[in-house]
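Comments concern the structure below.
A note on names: the letters A, B, ... follow the listed sequences, proteins ahead of strands, and every chain is numbered from 1.
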Protein chains: 2
Amino acid sequence: MEAADELGYHVNHLARGLMRNESGIVCLIVSEVATPYRSALLRELTQQLQSVGKVAMLVNTDRSDGSVDRALSQAIRYRADASIILSGLPDKSITQLCLRNGQRLVLINRDDDQPGPLRINLDDREAAGRVVTAFLRAGCRKLAFANSEAGTPSLMAREYGFAAAAKALGLDIMVERYGWTGYEAGKVLAQRMLTRKDRPDAVFCATDLLACGFMDAARHQFSMAIPDQLCVVGFDDIDQASWSSYQLTTFAQPVQAIAGQAVAWLGKNDESRAESQSLMLHAELVWRGSVRGG
Amino acid sequence: MEAADELGYHVNHLARGLMRNESGIVCLIVSEVATPYRSALLRELTQQLQSVGKVAMLVNTDRSDGSVDRALSQAIRYRADASIILSGLPDKSITQLCLRNGQRLVLINRDDDQPGPLRINLDDREAAGRVVTAFLRAGCRKLAFANSEAGTPSLMAREYGFAAAAKALGLDIMVERYGWTGYEAGKVLAQRMLTRKDRPDAVFCATDLLACGFMDAARHQFSMAIPDQLCVVGFDDIDQASWSSYQLTTFAQPVQAIAGQAVAWLGKNDESRAESQSLMLHAELVWRGSVRGG
DNA sequence: TTGTATGCGTTATCAT
DNA sequence: ATGATAACGCATACAA
């Protein structure tokens, strides 16, 4: 060992991977890396992967469409032991290709039904239902849902869950969708919804980023007081949600648990891996000041 | 090609790397990945690396100290073509080891003086000087600098540059350092500085995150109006700086240029690489509403 | 143009 | 216990 150190020798993981047929590389396929929720999940995943001796290869799929498939090809070329997909959805054929190459697949918040990959999702629908209860308890009568046009499964599950729970109580809700799931879209959504004459007094935003934009527009452009005139709930519990300018009541993404489940699954052997292929994690509502009577 | 596709064949980059002695892997060594500025830089780097056919290996150094060195060992084991260091500073011996193994090194905002690696820095000192001018033009008389205890070169350069420029004009400034460079530290710094009787009327925060915390405390705990009673300038131009709750005047980190220079340098041949080993990029002040009379 | 041999750095296996 | 050898998949150099 001393001699090896002296000579500056380091094992060659490329050669070792070639030999063992196991590279130690896990590919993280992500878009919108710079988004608060995504980067938090990324931090957690890299951290936990490293702690079990794996290394993360980061593939950014911000550019064109179909780039998830290209990202997976890249993962195959490097003989990654697994790929974890945080955004987009691979073509079924690519999924099959991965599995044939012995590459494990984890889909986070993708709610797909193909067998093979591990699917980790939240109880979005049920969570959305709890928002209706909270709004009613706060004395709100005109409920609204603010969504982006992204249309990803988790976003839509929140919308449908919210609408369904309201309908079950005989309430009609206002729904608006606009743009990309970010702060600016939240502002636009507020402009659209708050200029109506049947302006809502409670809004559930599909995402914290949307909620921040919505709150800022409501306050600064419409001079509305939160939570007095408008109650707001978000989703993700990003850092900014706890900032005193927002004090946003929101659902916490269990990022540690998500990452933990993913890497634990990768460490399992084939039989026990097959047992648990679909996980549903719980999103806990964290109460702050944006809803009356927490 | 058709046949290859039919058979599900994919080149093995491990084997190719072994042969060519060039893996195509670039190692990104980062701490605090989930921070807005860091994740933005990360997005840019992965994007641009991919566009030149490289792939990013992400190593998270949040845990213990000396982990930068361990990260670099990891990079060597995978025979990364280069390592880009966004945080921490490697030991000189490790630096030498990397260079001996033909591994390129890029240090971003690390302001080190060892020869070999490419060093990319901003004109922090000069930028800080311009803040003094802006504050004076706004009619402020009691200047302060809010810093964290991290003590990284770029943070200290901003502090010294600010202090020096003020001193050159015969002004004494108040300096306070606390904790880690984040939102919470900004709040604490505000509590410390704004309870003094010679309370500042202008504060330059080493970081936007600090500035957001400072502004929130100033407004919500001290009921101060910004920019009327207090002018604030930050650094980084994170997304949140442009949010209407902050409208923070700040310096933009030229993340695209930083990433661009880094990957361009990696693409150069040895001679032209040696020519430019230290780059100083310009941080442009973007005026928003947190300073009077922009 | 097509084919064949060799080496890259490991590790597993088999022989000593 | 120690040593020699083959094989992983690719690229290259040389031969046919």
How long is the line joining NE2 of B:His13 and C1' of D:dG9, in whole Å? 13 Å
Between A:Asn21 (CG) and D:dG9 (P), how many Å, whole number? 7 Å
Using a 4.0 Å heavy-atom cut-off, does B:His10 contact any base of the nucleic acid, only the sugar-phosphate backbone, or nothing at all? sugar-phosphate
Please assess A:Gln103 against A:Asn101 for the test side chain to side chain donor-acceptor pair (under 3.5 Å), listing each intermediate value before the final yes or no. CA-CA 5 Å; A:Gln103 180 167 142; A:Asn101 286 41; over 6 Å; no
How many whole angstroms separate atom OH of B:Tyr78 from atom C1' of C:dT10? 13 Å
Nearest-angstrom distance from the residue atom CG of A:Asn12 to C1' of C:dG9: 6 Å
Round to a whole Å and report the spacing from CZ of A:Arg77 to C1' of D:dA11. 17 Å
Per atom distances to the A:Tyr9 side chain, the nearest of C:dT10, D:dA11, C:dG9 is C:dT10
B:Thr250 vs B:Asp208, test: side chain to side chain donor-acceptor pair (under 3.5 Å). Steps then yes/no. CA-CA 7 Å; B:Thr250 188; B:Asp208 280 358; 2.6 Å; yes
From the candidates C:dG9, C:dT11, D:dG9, the one with an atom nearest any side-chain atom of B:Ala15 is D:dG9
Spacing of B:Arg16 atom CZ relative to C:dG9 atom P, expressed in whole Å: 18 Å
C:dG9 P sits how many Å from B:Asn101 CG, rounded? 12 Å
Before accepting this row, confirm whether a basic side-chain N of the pair A:Asp236/A:Arg38 lies closer than 4.0 Å to the acidic partner's carboxylate O. no
Mind calculating the distance between CG (A:Leu18) and P (C:dG7) to the nearest angstrom? 17 Å
Indicate yes or no: at least one non-hydrogen side-chain atom of B:Thr207 is less than 4.5 angstrom from one of B:Arg158. yes
C:dT10, OP1 or OP2 - any side-chain N/O from A:Arg20 closer than 4.0 Å? no
